[in-house]
Each structure stands twice: as C-alpha cells, then as structure tokens.
Amino acid sequence: MNAFAQNKHLVQVVLPKTIKRIAKRAFKESSVQQVNFSEGLREIGDEAFNASALQTALLPNSVENLGESVFQNSKIKQITFPKNLKSSG
C-alpha cells in the first residue's frame, strides 16, 4: 500500500503504538523528513522510505524485520538499528 507515496506536503509523522507494520512503499518519494517510530512497530516493508526526504531513523527495539531498499536513495543521515533486528532486506 502506497499510503503516502509521492506526498509532497508531508513533513512529520508520529506513529502510534498500535502501528505494527509500515507497508511496502508507504512513504516512497515523499517529502517526509521526520518520523517518530513508536515501540511496538515490528516491521518496515520494502522501499517504505525509498527516495524520501527522511533524514533520521531512530528505530525502536521492537522492530524485528526491515524489508529491501527501505532507505535507499533517501536523504538519510543517521540510522539507529534496533537490538532485536532479525532480518534486513
């Protein structure tokens, strides 16, 4: 699901604790610069932030799976990987 893909008006997103998964290509090519990832998030789908304006990803320890090319071609400058990460694209 490309919920916010190519959205050029989105700058910041706060994800509630009830979100367990970010879908494939959810924020691809979007202008989102900041995402507050909440504890409880378990999976980030393929290309979720591909070619986005996201600059920092502080992933909570609850994240176990990262899809393929999640941050490829983004503006990412800093990533903090979770201790419980089991698989990465």
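Atom set for the values below is all heavy atoms of this structure, side chains included, hydrogens, waters and symmetry mates excluded.
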Side chains of N65 and S87: is there a donor and an acceptor less than 3.5 Å apart?
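Present: a donor and an acceptor within the cut-off.
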Only pairs under 3.5 Å count here: list side-chain donor-acceptor contacts from residues 66-83, not counting sequence neighbours, and write none if there are none.
from, atom 1, to, atom 2, distance (Å)
S69, OG, Q72, OE1, 2.8
S74, OG, F71, O, 2.7
S74, OG, I76, N, 3.3

Please say yes or no: joined through hydrophobic side-chain contacts below 4.5 Å, possibly via intermediate residues, are L15 and V11 part of one cluster?
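Not linked; separate clusters.
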In one Ile/Leu/Val/Met/Phe/Trp/Tyr side-chain cluster, 4.5 Å: L58, V63
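L58 does not cluster with V63.
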Measure the [atom1]-[atom2] distance between [X] and [Y] for me, rounded to the nearest 0.5 Å.
| X | Y | atom1 | atom2 | answer |
| --- | --- | --- | --- | --- |
| R42 | K20 | CZ | NZ | 6.0 Å |
| K24 | E47 | NZ | CD | 8.0 Å |
| I44 | I22 | CD1 | CD1 | 4.5 Å |

Can you tell me if S31 uses its side chain to pair, donor with acceptor, with the backbone of N7 under 3.5 Å?
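Pair found, side chain donor or acceptor close to backbone of N7.
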Considering all heavy atoms, the nearest [X]-[Y] contact:
| X | Y | result |
| --- | --- | --- |
| N36 | Q34 | OD1-NE2, 3.2 Å |
| S38 | P60 | O-CG, 3.4 Å |
| R21 | G45 | NH2-CA, 4.5 Å |
| G40 | S62 | N-OG, 2.8 Å |

Considering residues, nucleotides and ligands other than K8, do more than 12 of their heavy atoms fall under 6.0 Å from its NZ?
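Yes, enclosed.
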Quick one: sort the F37 and F49 rings into parallel, tilted or perpendicular, breaks at 30° and 60°.
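F37 and F49: perpendicular rings.
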Worked verdict on L10 versus F27 for side-chain contact (heavy atoms from CB on, under 4.5 Å):
CA-CA 9 Å; L10 191 64; F27 295 93; 3.8 Å; yes
Any side-chain heavy-atom pair of R25 and N50 under 4.5 Å
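No, too far: nothing below the 4.5 Å cut-off.
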How about L85 and L59: do any of their side-chain heavy atoms sit closer than 4.5 Å?
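Result no, sub-4.5 Å side-chain heavy-atom pair not found.
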